[in-house]
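All figures in this text were calculated on a predicted structure; none of them were measured in a lab. Below, chains carry the letters A, B, ... as their sequence lines are ordered, and counting in each starts from 1.
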Amino acid sequence: MKKNSVLKKAWTGLVEFVAMHQIPIMAVLILLVIAFPFMTDNKYLLRIATLCLINIVLGLALNLVQGYMGQMSFATAAFWGIGAYAGTIGVMRLGMPSLLGMAFGMAVAGLFGLLIALPTLKLKGYYLSIVTMGFCEIVRIVEMNWQDLTRGSLGIMNIPAVSIFGFRFKSGRANYIIALIILFVVTIFVKNLINSNFGLSLKAIRDDDSAAETMGINIVHVKRVNFVISALICGFVGAFYAQYVSFIHPSSFASGVSQEYIVMIIFGGLGSIPGTFLGCIALTILPELMRSLLQYRLLIYGALMVIMMNFMPGGLLGNLDLGLVRKKILERRSREAVKGSGGGDGE
Amino acid sequence: MFLQQIVNGLTIGSIYALVAIGYSLVFGVLRLINFANGAEYMLGAYFVYILMTTFGAKAPLAIPLAIVALGAVGYLVDFVGLRRLRKKNAPRMSALISTLGVGTFIENAIQIWVGTETKSYPNFLNFGRITIGKTIISWTQIIIFVTCILLMVAVSFVVYKTKIGKSMLAVSQDQMCARLMGINVSLVITLTFVVAAMLACVSGVLVGSYYQNIDTNMSFIVGMKTFAAAVLGGVGSLPGAVAGGLIVGLAESIGASYVSAGYRDAIAFAILIIVLLVKPSGLFGKNNVEKM
């Protein structure tokens with residue numbers, strides 16, 4: 001009991017400290033993340049770090065649909081896979097340059113996102129979950145069976161590395177930096193999107209769709225656009241991922257993979273950008289640390305989903321609003337200052 | 001050839017229909033897709049397998065035991081995953097995620113326990129076959145079809161004619177009102193989960209003895225297909241679930257032989273997406289799909 005309260009005190013203290021010093025802490029973290037590849041030569045570490053970055057981007061894309069729109073989507077892996085395959089085919093078959101290949105993967109994924117969004121998002125509730133689940137499976141089956149295009153279960157090997165203006169980025173370090181830039185751009189984009197009018201309508205729809213419609217929000221349109229944006233991000237990252245790992249296989253994009261992203265963002269916090277970072281980093285690194293438990297990973301994930309939903313539906317950071325904490329502290333301080341000066345007057 | 005595909009399609013379709021009824025029952029009462037239903041179906045088949053291989057039980061003992069055990073699992077799914085959420089009036093997505101978690105847990109527990117490789121399964125219903133013209137109908141197929149139809153009639157009878165079924169319908173229409181009428185709502189919900197799990201168990205065993213092998217992937221694929229069947233018929237409608245199951249089974253077996261066997265599993269999903277495009281309320285559903 002006592003230990004619990006100490007922990008709680010430490011946690012509130014930490015949260016308050018972070019809330020008061022947001023900018024310096026962010027600056028230190030960003031510097032650390034940029035300096036990281038130059039501090040180590042370990043390829044394995046760099047690879048895990050790059051995968052973390054890619055996973056955060058995918059987590060952010062999924063959080064747009066699941067956290068901010070409030071509908072569970074299994075399409076993450078499907079769009080990721082479509083982006084990877086389309087981008088690769090664009091580069092290897094159609095002779096596109098690397099960046100154009102990424103744009104192509106992004107466009108194709110967005111197109112499929114639109115195809116799913118058109119019939120499904122005019123309906124409310126669970127339909128999206130089911131359709132995306134089926135869609136993910138269809139995509140995997142097609143990737144597996146369309147031998148001429150995707151080489152089926154053999155996978156595509158020797159995908160050329162990322163190249164920008166004729167310069168090939170083969171090293172893990174360079175790819176880490178590229179992934180970091182992608183993550184940076186996507187994070188800024190998502191943050192602005194959420195705080196824009198569009199993001200506010202999205203949250204309004206999640207919380208009460210009838211009220212949102214009464215306020216004049218075109219809910220079907222907003223949901224469709226949001227879903228397509230999510231698909232575009234996944235597709236772009238997919239094409240980058242293919243050029244980074246240089247080998248893709250249909251089994252990397254099965255619906256079980258989508259489920260892992262769902263677990264990641266639930267763990268960190270639905271509808272929270274810091275939560276997405278925390279959840280994706282934690283659940284990318286933890287399985288690597290606990291190789292002996294690898295067999296039990298999905299078992300633990302299943303239990304985690306039930307426990308989180310029952311006891312912490314907001315995830316670890318879902319209910320945390322640093323801006324609000326900061327505001328409260330400032331208010332408290334100003335109140336104390338007023339009290340203090342008031343007491344001084346009395347003497 | 002064509003008639004043969006129809007026979008095969010009706011057999012597998014009747015099994016889909018049986019699982020789809022489980023979905024529809026739970027959906028009717030709670031407005032919730034129970035993602036654990038596919039896992040229960042797999043678990044039923046595996047319980048019988050484990051009882052027979054590890055404990056040496058004979059089929060007449062193993063199958064009823066497994067059905068009872070699955071009833072208990074159905075109860076646990078509701079108790080562990082959903083009861084707290086209902087009390088807190090949590091958003092619907094939380095319940096969806098929770099059942100998905102339970103399903104994942106069951107699936108992986110079985111994978112760790114017995115391994116992921118395909119297991120050969122005994123055929124309990126092998127009594128020879130009948131040949132009509134060029135079409136071969138095995139007794140296995142006939143027994144599966146008849147069992148499924150009987151069970152479906154029994155469930156429909158319970159739901160539409162008995163008192164407990166009427167309270168189910170009442171709960172599905174308005175929980176608050178049902179409670180005011182003196183119906184024990186949480187008992188009705190529990191019972192629905194138990195019945196759905198038992199139906200899933202029976203279908204799992206039937207599929208096992210039809211194909212004579214089982215593997216741990218069966219839960220996901222069949223879970224998806226039977227959901228497609230339920231949506232096709234109109235979720236929440238029992239006759240709809242039956243019709244949907246039979247149609248999906250037929251489409252699949254005809255499609256697999258005339259189009260491509262590799263895309264066999266994609267056919268059900270394609271049907272699902274087309275239904276949502278054209279008539280989201282399904283064939284027999286009431287025309288009140290929540291649009292937004």
Original post:
B:Leu32 versus chain A, heavy atoms under 4.5 Å apart: side chain, backbone, both or neither?
Top reply: neither
Subject >> Contacting region of A:Ile266 [heavy-atom separation from chain B under 4.5 Å] >> reply: side chain
Subject >> Residue pair B:Phe220 / A:Met133, side-chain heavy-atom distance below 4.5 Å >> reply: yes
**OP:** Enter the distance from A:Met308:CE to B:Ser94:OG here, rounded to the nearest 0.5 Å.
**Re:** 11.5 Å
Subject >> Spacing of CD1 belonging to B:Ile267 relative to CD1 belonging to A:Ile141, to within rounding of 0.5 Å >> reply: 9.5 Å
Original post:
Is any side-chain heavy atom of B:Ser98 less than 4.5 Å from a side-chain heavy atom of A:Asn310?
Top reply: yes
**OP:** Dump the intermediate steps for side chain to side chain contact (heavy atoms under 4.5 Å, CB included) on B:Phe105 and A:Leu304, then the final yes or no.
**Re:** CA-CA 9 Å; B:Phe105 186 86; A:Leu304 200 62; over 6 Å; no
Original post:
Where does B:Lys225 contact chain A at under 4.5 Å (heavy atoms): side chain, backbone, both or neither?
Top reply: neither
Original post:
Non-hydrogen atoms of chain B under 4.5 Å away: do they reach the side chain of A:Gln259, the backbone, both or neither?
Top reply: side chain
**OP:** Heavy atoms only, distances under 4.5 angstrom: which of B:Leu100, B:Ile106, B:Val231 has the most pairs with chain A? Name it, please.
**Re:** B:Leu100
Original post:
Do the side chains of A:Tyr296 and B:Ile112 get nearer than 4.5 Å, heavy atoms only?
Top reply: yes
Original post:
Highest number of heavy-atom pairs under 4.5 Å with chain B: which of A:Leu299, A:Val131, A:Asn145?
Top reply: A:Leu299
**OP:** Name the region of A:Val142, side chain, backbone, both or neither, that has any atom closer than 4.5 Å to a heavy atom of chain B.
**Re:** both
**OP:** Would you mind checking which part of A:Tyr301 comes under 4.5 Å of any heavy atom in chain B, side chain (CB onward), backbone (N, CA, C, O), both or neither?
**Re:** neither
Subject >> Any side-chain heavy-atom pair of B:Ile97 and A:Gln66 under 4.5 Å >> reply: yes
Original post:
Given the rule in the side chain to side chain contact (heavy atoms under 4.5 Å, CB included) test, do B:Met224 and A:Glu137 qualify, once you have shown the distances and angles that lead to the verdict?
Top reply: CA-CA 9 Å; B:Met224 283 303 309; A:Glu137 200 52 27; 5.9 Å; no
**OP:** Taking all heavy atoms of B:Thr104 and all of A:Leu298, pick out the closest pair and write down the distance.
**Re:** CG2-O, 3.8 Å
Original post:
Crowded around B:Phe27 CZ? As in, over 12 foreign heavy atoms under 6.0 Å?
Top reply: yes
Subject >> chain A contact via B:Leu96 - which portion, at a heavy-atom distance below 4.5 Å >> reply: both
